[in-house]
Amino acid sequence: MRRFLILVALALAAVVPALVLRATGWRPSPILDAAAFGSAILAAGFLLSWGAETAEQHIAQGLILAVVALVTVLPEYAVDLYYAYKAGLEGPESQYVHYAAANMTGANRLLVGLAWPLMVFLHWMKDRHRSVDLAPANATEIGFLLLASLYAFVILFKRSISVVDFAVLAAIFGAYVWRVRNLPKSDNPDETEEPGPAAALNTLSPAKQWAAIGALVSVACGVILISAEPFAEAMVSTGRAIGLNEFLLIQWLAPLASEAPAVSVAVLFVLANRSGDGLIALISDKINQWTLLVGMLPLALSVGAGVMSALPLDARQGEEFFLTAAQSLFGIALLMRLRLSLWSALALTGLFAVQVGLAFYYRNDEARTIATLTALAWVYLGLAALLFLINGRRLIGLLRDAFVAAPSSLALAGKSLDDVPPRGDRKAKSVAG
């Protein structure tokens, strides 16, 4: 408990500079503003994650992983929705339209290109296992992510994100949460009891635990609300002050701060011998960002505009969205065997490094940037199509397990599909038994 209280105190101390700047209105410089308010958002994200970890003892595993993913990514929502709101205030030609799309696509691509592989690399360094294996029940997450990714191409075809899209994407997310609501906890004998610092709260009575959860979430949400606007504006001003393309700064640097708590929670799962849960938490993070975050952008824009409006996707934003959807399909294709291998992680990281490197190399050439985004998107799609073709039968089985089979029966299996012997072997073992 003492260690946990020290961590909470450190998180609160990290919030103080932002509170002082917000209360006094003093803005020393864009870079210091970004550091102060970014640190506050990061600290608030950790407070949220500790509250969500504590709730894990009281909620079914499938649902709590979805809740953890949703709660820990609230900082990302706050920053991106602010950009969309400002876009509504200033009109469809505003640069904030581009910033909203940049932050959303950057956060999504960071998850798949860096965070997913990180789970595999850590698992390999810790136990020398060459893949992170998932359970049959996790077909649900993969199936719903596939559904959301396919719908992304509908948005791409329309070249705008509308309120209708919000309704569809929110329905997908709601169906996903309903589907995983009753998945029981894993019975892995090697996992430690709790993944993170909040384990200390489980020594308290249930009433005190819920009080602590409420306090952590309330303080964190308050910090995020007062820090999102100045942090978002500071990121724009910082790019201008140092001569760096503010679009790229918002696309790649801002999500690093807002996604850090979610990734940290997933890392703690890996260290607690729950690497599958760590990867699933990040896949769930991707699902809620690819559904709720994308869908809520036109709502925030409409509030700012004072009238129902869609978020337009111009040539550059359309290709950014295309690349994000294509990367998502490739990531799903790599999960067809209910595992993410070391080679798959290297492929995701390598392609991600290429896209980021080229984005900065062509940062002042819009035409070449668009051409590069398009080419990379087709590379992702080609690789995904090849993998879907090779694993066609597995894809059909995965979709059946995701949307048709009873979740409880999947969870009871407790193994990945690759651990289940072929039909003939099972029959032979049955006869032998």
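Not measured: the values here are computed from a predicted model.
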Side chains of [X] and [Y]: closer than 4.5 Å at any heavy-atom pair?
X      : Y      : result
Val223 : Ile41  : no
Phe121 : Thr349 : yes
Met119 : Val267 : yes
Ser309 : Ser302 : yes
Tyr380 : Leu323 : yes
Ser131 : Trp343 : no

**Report entry** salt_bridge(Glu319, Arg159) N-O dist < 4.0 Å
**Finding:** yes

Query raised in the report: Would you call Lys286-Glu141 a salt bridge at under 4.0 Å N-O?
Result: no

Requested in this report: Could you walk me through whether Gln251 and Glu246 pass the side chain to side chain donor-acceptor pair (under 3.5 Å) test, one step at a time?
Outcome: CA-CA 8 Å; Gln251 185 172 44; Glu246 59 260 27; over 6 Å; no

Requested in this report: Identify whether NZ of Lys or CZ of Arg in Arg22 sits under 6.0 Å from the centre of the six-membered ring of Phe37 and within 45° of that ring's axis.
Outcome: no

Query raised in the report: Counting heavy atoms not belonging to Lys208, are there more than 12 under 6.0 Å from its NZ?
Result: no

Query raised in the report: Any chance CZ of Arg27 has more than 12 other-residue heavy atoms, nucleotides or ligands included, within less than 6.0 Å?
Result: yes

Query - Verdict with supporting geometry, Tyr361 and Thr372, side chain to side chain donor-acceptor pair (under 3.5 Å) - result: CA-CA 11 Å; Tyr361 185 76; Thr372 300; over 6 Å; no

Query raised in the report: Centroid-to-centroid, Phe321 to Trp290, below 6.0 Å?
Result: yes

Query raised in the report: Between Asp165, Asp80, Ile155, which is the residue that forms a side-chain contact (heavy atoms from CB on, under 4.5 Å) with Val294?
Result: Ile155

